[in-house]
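Naming convention: chains lettered A, B, ... in sequence-line order (proteins, then strands); numbering from 1 in each chain. Note that this is a predicted model, so its numbers are computed, not measured.
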Number of protein chains: 2
Amino acid sequence: MDGVGAVRLAGMCGDVRAGRGPAYRVLADTIRVLVGDGRLASGTRLPAERALAGQLRVSRVTVTHAYRELRDAGWAQARQGAGTWVRLPDGELRVDGVWAPGPVRGGAIDLSHAAPAAPSVLPALVRRAADRLDDELGRHGYGPDGLAALRERIAARFTGRGVPTGPDQIVVTGGALHALHLAVAELTGPGDRVLVEHPTYPAALDLLADAGVRPVPVAVGDDPAEFALPRAARQTAARAAFLMADFQNPTGRLLDDEARSRLLHRLARHGTVAIVDETFVELDLREPGAPVPLPCAAHAPRPDDVVTVGSASKIAWGGLRIGWIRAGRGPAARMRRRLARTQIAPPVLEQLVAVEVHDALGTIREERIGQLRTRRDRLVSELAAALPHWRYDVPDGGLALWCDLGTPCSTALTAVAPRHGLVLAPGPRFGAGSVFADRLRLPFTHPGPVLADAVRRLRRAADDVAGRASGLDTWAGERAGIVV
Amino acid sequence: MDGVGAVRLAGMCGDVRAGRGPAYRVLADTIRVLVGDGRLASGTRLPAERALAGQLRVSRVTVTHAYRELRDAGWAQARQGAGTWVRLPDGELRVDGVWAPGPVRGGAIDLSHAAPAAPSVLPALVRRAADRLDDELGRHGYGPDGLAALRERIAARFTGRGVPTGPDQIVVTGGALHALHLAVAELTGPGDRVLVEHPTYPAALDLLADAGVRPVPVAVGDDPAEFALPRAARQTAARAAFLMADFQNPTGRLLDDEARSRLLHRLARHGTVAIVDETFVELDLREPGAPVPLPCAAHAPRPDDVVTVGSASKIAWGGLRIGWIRAGRGPAARMRRRLARTQIAPPVLEQLVAVEVHDALGTIREERIGQLRTRRDRLVSELAAALPHWRYDVPDGGLALWCDLGTPCSTALTAVAPRHGLVLAPGPRFGAGSVFADRLRLPFTHPGPVLADAVRRLRRAADDVAGRASGLDTWAGERAGIVV
């Protein structure tokens, strides 16, 4: 594994002398964040102490102490005379390489996950599913295609939303990320280009990197998606585009029907398949009666121009690992077979719970949406009072605010946050390359009082980093793609 | 996709004029089996009718009728003037590309799966798991590393069997096949050679093919595994070897401690990592007091010489999709992260059921083993009466007999079986290349009366194919590897 140079690491760390606390600890905390969120790959060799000290303008003993602290905590290891390598501590039972920079310790508030607790009806649904399971236990339990009852309900929900769908167009998966994994494997090969909105869902970026495809980040902030994505499709001959039209993660943006139609037709013209992630589609926080756009699949010129992925995780519960794909009949059958060839079949009980979730969707949505509206508004009012210079659009749906912090202090905030009992996911995790250093996704999935407490801690963390923000997030990203 | 030549297909089909029923139907049934079990890949072009008719020595109209029957049933499609292509019918809701040649229709007895119904205690365990789930629902539910309670129990079971194991050495997966998938991804790259016992678990062969590795089948029938596998390891520099030491699927063979020790030490000497599938380890049907060998992991010279995979599917229930990997701490942490990057986390409820299964292991095993002993003995006595010329060793454990039919009629039997209300998995599915045409795996997982009925049907199917057996299974396999 390669090393990271002193100049580059110093650039990623910024000024470790500013802020509160000893510089060695700030340095160790920052390196831990960089390793935790993947900007420094596990196995990367750290620069020689003297060289890094020179670049950071600190004493060599500061770097020595920082490296020792990392080693003692399991985040680095040394080989005598050969140097120090960073690593994800594998002794940790809860290392989370997906979003969070590290384990959430007792009492800390986790703002790195945008995932609410289960709705109150879930225990009853689980028990009903357990009753239904009794009818299945006399058989061998292997159903590679997923339970017919679940596929019928998923198909019916699509049909009800305006895009006629049969159960043979549905693939049952272990969540939306697994669905995306299967879709990427079906549609792309190594070296293919795949457009991603920028910012986007961090785990999608990791997944594309693992698949060997080349993500092409497309900024959709200023330029609307229906222009920016097709232009990039034309320029790059991208095989596919990963996008969220419903309360995009993390921005919360909702595309209307006109934008969807333009977007899907233009992508199709360039031969780019749209992989549309509908994970947040049921989390519409607007007033009743607001116009609900048709699913992207309804706007596609041809059935195979769009592959839709969805999940029960956000409307119901993250611990329920059931997602799905809607696609043309042929691709759906191939993806079911692909899943069968690595996992045989989805779990039966889990699918039965998902059946119950579908049957109780109205009840669950009502509770969920009422709760999320209240929590969103609470987070907004707490932020307005405590951190009035942070900017964001109040989203029409989804689970989080996407905040503009004004200065590139997102990684620094994430590094000091644990000292204040807070776990954050830094802005750069939501992008590829040296961007979003001044952004932070703040989920409003916790109850109001917890959010109020979280904002107090956030304010203290922000005070802590004040004065050493500049430079901290200016880095050339590990996962950099072609920024269009 | 390539076509299959008339000579080759005719060789795979054998004499379609012999046996009962019209020749066109025998031909259509046989092609359906070849497509269903993967010997003819979906998308393969069939030979021109006239050419195939010539090779089969039937009239052209026989081939025309057979092709039409395949098209009508969704197993083929034609393009005007261009030919006929076989396909797996994607309209079918229950196409099963993993083992079975096709969907199991009402009233048919399924002998293609070796998987018993759930034990009687499972409903109670599921309800206890549902109660425990209530404590988890207040959190977001994402635990990429799997539930600590489950990993502790899996580790404790290994420790109890004689190989000290910590929870940080355990990866929780979606079943044994998923565990194998992660292990192969961790240990190998495309083009690497992986030894497989021959015969072996069919889904493992498919998985290795999908991973782009080169399976090296090693016959372990005459030559003991502890000699044959290391010899192949030396000759091929194989990266890994996939093997079952406990009641191997399909042969039922059990390796004793001496053989394990020799095998593991010799493989280690050649740098070949043993991937040991323990799916059947709890299915020991010998008398109490028979010497129980230590797990292979206990015999490995170094911790990273062996990766063990296991599953709750066979002792508990196939619809419960929980398996595991035991490995060194470093590889285990990497495989947990690999799983997280495609699926985020294993499902919580499913894991809680697996916790209960571990806590009730003694009870479950007692019921399971008593039942399987009775069923095995019933199958043996029914076969002795109905098909006395079939040969097999009565296995000490596992779920099936591996029968030598005396003639290469396994594919023909599988083709006619549905007419007699029976679903079979043909012998060649358990191997790579042109072998096991005279073998059939017969699971004893059904209740005694069902097994008796199944053997009656099997006898009728065998009578049906009598006279057209020769040549039917002599084919050059699609998935052929290097036969050592």
Side-chain touch Leu111(A)/Val423(A), heavy atoms, less than 4.5 angstrom: no

Interchain contact, Leu320(B) with chain A, by part (heavy-atom threshold 4.5 Å): neither

Residue, of Thr173(B), Asp134(B), Leu207(B), that accumulates the most heavy atom pairs under 4.5 Å with chain A: Asp134(B)

Chain B contacts, top residue of Leu133(A), Thr342(A), Asp131(A), Asp210(A) (heavy-atom pairs, under 4.5 Å): Thr342(A)

Proximity breakdown for Arg127(B) and chain A, heavy-atom pairs closer than 4.5 Å: side chain

Closest-packed option against chain B by number of heavy-atom pairs under 4.5 Å, given Ala179(A), Ala115(A), Ala176(A): Ala115(A)

Atom group of His178(A) that falls short of 4.5 Å from chain B, counting heavy atoms: both

Toward chain B, the part of Pro346(A) with a non-hydrogen atom under 4.5 Å: backbone

Check: Val172(A) and Leu147(A) side chains under 4.5 Å, non-hydrogen atoms: no

Any side-chain heavy-atom pair of His140(A) and Pro116(B) under 4.5 Å: no

Interchain contact, Val184(A) with chain B, by part (heavy-atom threshold 4.5 Å): neither

Under 3.5 Å: donor-acceptor pair, side chain of Arg337(B), backbone of Ala332(B): no

Best-contacting candidate, Gln169(A), Glu136(A), Arg338(A), against chain B by heavy atom pairs under 4.5 angstrom: Glu136(A)

Non-hydrogen side-chain atoms of Ile344(A) and Arg321(B) separated by less than 4.5 Å: yes

Heavy-atom side-chain contact between Val171(A) and Trp324(A) under 4.5 Å: no

Pick from Gly174(B), Gly175(B), Pro123(B) with the largest number of heavy-atom pairs that fall under 4.5 Å of chain A: Pro123(B)

Check: Glu350(B) side chain, Pro347(A) main-chain N or O, donor-acceptor pair, under 3.5 Å: no

